[in-house]
Amino acid sequence: MSRPTRRSRSLLAATAVLSGLALVASSPATADTLYHEQYRPQFHFTPAQNWMNDPNGLIWYKGRYHLFFQYNPSGNTWGNMSWGHAVSTDLVHWTQLPVAIPQDADEMVFSGSVVLDKDNSSGLGTKADPPLVAVYTSLVKATGIQRQSLAYSTDGGLTWKKYAANPVLDLNSQNFRDPKVFWYAPTHSWLMAVALSDQHKVSLYSSTDLRNWTHLSDFGPAGATGGAWECPDLFPLAVDGDPRKTTWVLAVGTQSIAGGTGVQYFTGDFDGTHFTSDDAGTYTAPPGTALQDFESGTYGAWAPSGTAFGDAPAAGALAGQSTVTGAEGAYFADSFNGGDASTGTLTSPAFTVTSNYINFKVGGGNHPYVPGTVLGNEPVPTGEVLSDFEGTTYSSPIGDWTTTGTAFGTGPAQGTLPNQQQVSGYLGHGLVNSYLNGDASTGTLTSPAFTIDKKYVDFLIGGGDHPASSDAPTAVELVVDGQVVRSATGTNDEALNWASWDLSDLQGKQAQIKVVDADTGGWGHINLDQVVLSDTRAQPVSTETGVNLLVNGQVVQSATGTDSENLDWASFNATAYRGKQVQIQIVDNNTGGWGHVLADQFATADQPALSVLQRAHWIDYGEDFYASQTYNDAPGGRRIMIGWMNNWNYGGSIPTSPWRSADTFPRRLALRTVDGKVQLIQQPVDGLAGLRRAGAHVSTTRVTNTTAALGVQGSSLELQADLTAGSATDFGLDVRTGSGQRTRIGYDTTTGEVYIDRTASGAVDFDPSFPGVQRAPLALHGGTLRLHVLVDSSSVEVYAENARGEQVVLTDQVFPDPSSTGVDLFADNGTATLRSMKAWQLGSIQP
């Protein structure tokens, strides 16, 4: 289931020597035909049309790799979950087959796995014709209960029948899902790893017949627990290629270090009953000098404002608060005094930075600081009120607003509607809220015409982020002469906040405000209040809960909790502020859900403290790798993994049609000992080489404070490059360049991190959480950075290694213009060298 340096144009040396055919951009033969649409991946699996998420049931059987997947046969958004099906003989070229296991009136078919019951232990086939058996989570539509069920096939996976005595395992839980089943030879039994999602546990069961299951043990909570645990996978791997030395790997999906969803892994031992991780989970922060630990039982020189922090630190959970964990000592700062509705700040005296890092613990709400916002309550702008929506109908001082459809009803909502998350930030009692009858309802709300005679129109807005330019917007629009000249959306949040349009160029024009809800999927609604023509521009109010580092009163770094009452380590890199006066400010300016912050143990140190997310082991550090599964019965004992190349933060909004979502290119897994520790290593499967077309070699190229084109172009590319830093602070490759766009694959020498920067990668405005920079730690120790990069029409996969063999992988979706096909070398604030690079265009697997 399931965050600019001016570049000179001096180029010390840039020579690109090409061998073979020149690499030039290739275009689909026929644009916008099926499989050749804009953004359609050319060597990653996608369904012909409709929504896809988790890979399911990966199994090799009689020469074919079967790929089942979560699929909506009826549309391009999540829903109607069934098992789609595709097959391949080489893990590269895929043929999509009809839906394998469809939903029905009673259940949706959630994620699971497939095994070959070669001895017919289930009795669902015969010994002469053993069945393929799917073990999947059936979601009971009437109750939301998740239980484990069977389906079976006796024709090689082409057709499936649900087991008549389903379910085979039922805990009467709504958070029990995603069984991975495999044969465990030492006990001659089937084993199942299945997620107890809300408990952050993987539960292990055994069976002799796939129909009757016995509980063995549970693993967890451990590692990252900020999100639900899903899609577990347990398997053995040889260490350093030695089959006599085997370690078990447990992979599980949860909240990612990159944001949204990702997959962490544990290495350890499995004895047939229990999985035991090699990582004990204990952690001690680097030593340092205490700034504030609150152990005096007072705030001392730290100054509180407002009511949220009370008069003194907390000694435990406050009234109405769940249990607080992770605090050090007896006392900690807690802004839950008076509940989430209270607000305030707690500010340190100014102090001089003498160390590179400021470490601390933080918990509570995940409401980040947003630049440009102000603390305190923004007064309602003065001017002409076009509507405050306080009546029972859509009447206003300028006349009656008119509706179409069903989303807006006959008058303003009186706050939160049934089944809606808590709505906050509106003024008075009423507001526009198109969640009437849920996200599925649509409609418009339009104001009478009015004359623009002031500089701004200010309004409070919340709800879905589906821009006016999208096929199904949730937006507030300003219409002049029949044209939309301004628009705004929510941020996929029920909290309303101030927004403003500058109308300087529209003075004297007649205009209307049109509120549009055309979206029937997630966040398919819009909230609006207090529309005012004014000569004052409203400033958005901060809704943050977090810890800020202030320099001259300005926020320069910030950190938040993870919507959890657990305090975890965080760190500010204060290197740039050594010798300067700074302050720490703990802020609670949020009155909604999780509208509070916890903080403790402020200290200066020479090394950063690492959070649980940073200490966890991640299969992929990018934004777009989730719900991974490995193949059962792959030839030669190979362990091959495929992940869902999307992210639940924005997965339903990516700008693709008629399909939505792709899978990662299959990866072969191995374990390697690096600096005495066992690490998961990944590489694209060998079949990739069969897609190579025109090839090129780029010889040694050195750049200083600039970007140099490498003479390589293509929208589907494989790149293998060796780079060294020189004196640069940042260096690396830009791919899919052109038209002002680029996706940057860089290395930050100040932090020792590989990163993908997709903020200028093309279409990034379809969801506020999409643009950003994803980072992975990889120390170079003065050596070479080796990059293996797969570039496709709408994705970048980066395998990065240092000279010691340590590896990190990052996968991101990108949506560039088809004309953006260049590859550049860059260096910021110094020199860097591309030692060599091999490049190939990759052929398409599409028909």
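In what follows, every heavy atom counts, from backbone to side chain, and hydrogens, waters and symmetry copies are set aside.
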Item to check | Verdict with supporting geometry, I642 and L58, side chain to side chain contact (heavy atoms under 4.5 Å, CB included) | outcome: CA-CA 9 Å; I642 295 177; L58 305 188; 4.2 Å; yes

Who pairs with [X] by salt bridge (charged side-chain N to carboxylate O under 4.0 Å, His left out), at least two apart in sequence or on another chain?
X	value
D233	K180
R638	none
D104	K162
D117	none

Checklist entry - Under the side-chain hydrogen bond (donor to acceptor under 3.5 Å, both in side chains) criterion, do N646 and Q813 qualify, and how do the steps go? => result CA-CA 7 Å; N646 209 340; Q813 293 181 97; 3.0 Å; yes

Any [X] side-chain heavy atom under 4.5 Å of [Y] side chain:
X	Y	value
I756	V773	no
V823	V791	no
V252	Q264	yes
P658	E37	yes
L132	W160	yes
V685	I640	yes

Next on the checklist: side chain to side chain contact (heavy atoms under 4.5 Å, CB included), that's the test. Do V789 and I745 meet it? Break it down for me.
Outcome noted: CA-CA 9 Å; V789 181; I745 302 164; 3.6 Å; yes

Between [X] (side chain) and [Y] (backbone), is there a donor-acceptor pair under 3.5 Å?
X	Y	value
T442	A518	no
D178	C231	yes
N166	L150	yes

Does a donor on one side chain and an acceptor on the other come within less than 3.5 Å for [X] and [Y]?
X	Y	value
D493	T491	no
D792	Q42	no
S111	N56	yes
S661	W644	yes
Y65	D633	no
T489	D465	yes
S739	S819	yes
H525	D517	no
Q148	S138	no
T444	T404	yes
R639	T630	yes
N492	D767	yes

For [X] and [Y], work out which heavy atoms get closest and say how close.
X	Y	value
Q96	T46	OE1-O, 4.4 Å
F69	A86	CE2-N, 4.0 Å
S795	H44	OG-CE1, 3.6 Å

Under the rule for side-chain contact (heavy atoms from CB on, under 4.5 Å), what residues qualify as partners of [X], not counting sequence neighbours?
X	result
P73	Y71, N80, S82, V99
Q807	Q679, I681, Q682, Q683, Y799, E801, V809
T737	D734, R742, D824
S88	D90, W94

May I ask you to check whether [Y] and [X] place their ring centres under 6.0 Å from each other?
X	Y	value
Y621	Y755	no
Y136	F110	no
F815	F766	yes

Next on the checklist: If you apply the rule side-chain hydrogen bond (donor to acceptor under 3.5 Å, both in side chains), what do you find for E623 with N647, and how did you get there?
Outcome noted: CA-CA 7 Å; E623 287 267 23; N647 189 308; 3.1 Å; yes

Item to check | By side-chain hydrogen bond (donor to acceptor under 3.5 Å, both in side chains) - contacts of Q255 (at least two apart) | outcome: none

Item to check | Those residues that, when tested against T77, pass side-chain hydrogen bond (donor to acceptor under 3.5 Å, both in side chains) (two or more places apart) | outcome: none

Next on the checklist: If you apply the rule ring-ring contact (aromatic ring centres under 6.0 Å, His included), what do you find for Y152 with Y163, and how did you get there?
Outcome noted: CA-CA 7 Å; Y152 59 96; Y163 177 48; 7.3 Å; no

Checklist outcome for this item: Of K838, R692, R693, the one forming a salt bridge (charged side-chain N to carboxylate O under 4.0 Å, His left out) with E718 is R692

Item to check | Which residues share a ring-ring contact (aromatic ring centres under 6.0 Å, His included) with H85, sequence neighbours left out | outcome: H66, F68

Next on the checklist: Could you go through M52 and W659, starting from their C-alpha distance and side-chain angles, then the distance that decides it, and tell me whether this counts as side chain to side chain contact (heavy atoms under 4.5 Å, CB included)?
Outcome noted: CA-CA 8 Å; M52 176 183 73; W659 86 101; over 6 Å; no

Next on the checklist: Using a strict threshold of under 4.0 Å (side-chain N to carboxylate O), is an ion pair present between R177 and E230?
Outcome noted: yes

Item to check | salt bridge (Lys or Arg N to Asp or Glu O under 4.0 Å) partners of residues 657-668, not counting sequence neighbours, each pair once | outcome: D620-R667, R667-E797

Checklist entry - Checking side-chain hydrogen bond (donor to acceptor under 3.5 Å, both in side chains) for the pair T811/T664: CA distance, chi angles, key distance, verdict? => result CA-CA 8 Å; T811 298; T664 60; over 6 Å; no

Item to check | Intermediate values then yes/no, side-chain hydrogen bond (donor to acceptor under 3.5 Å, both in side chains), T89 and R64 | outcome: CA-CA 5 Å; T89 59; R64 297 206 298 182; over 6 Å; no

Checklist entry - Given the rule in the side chain to side chain contact (heavy atoms under 4.5 Å, CB included) test, do Q70 and W83 qualify, once you have shown the distances and angles that lead to the verdict? => result CA-CA 5 Å; Q70 291 285 277; W83 274 26; 3.5 Å; yes

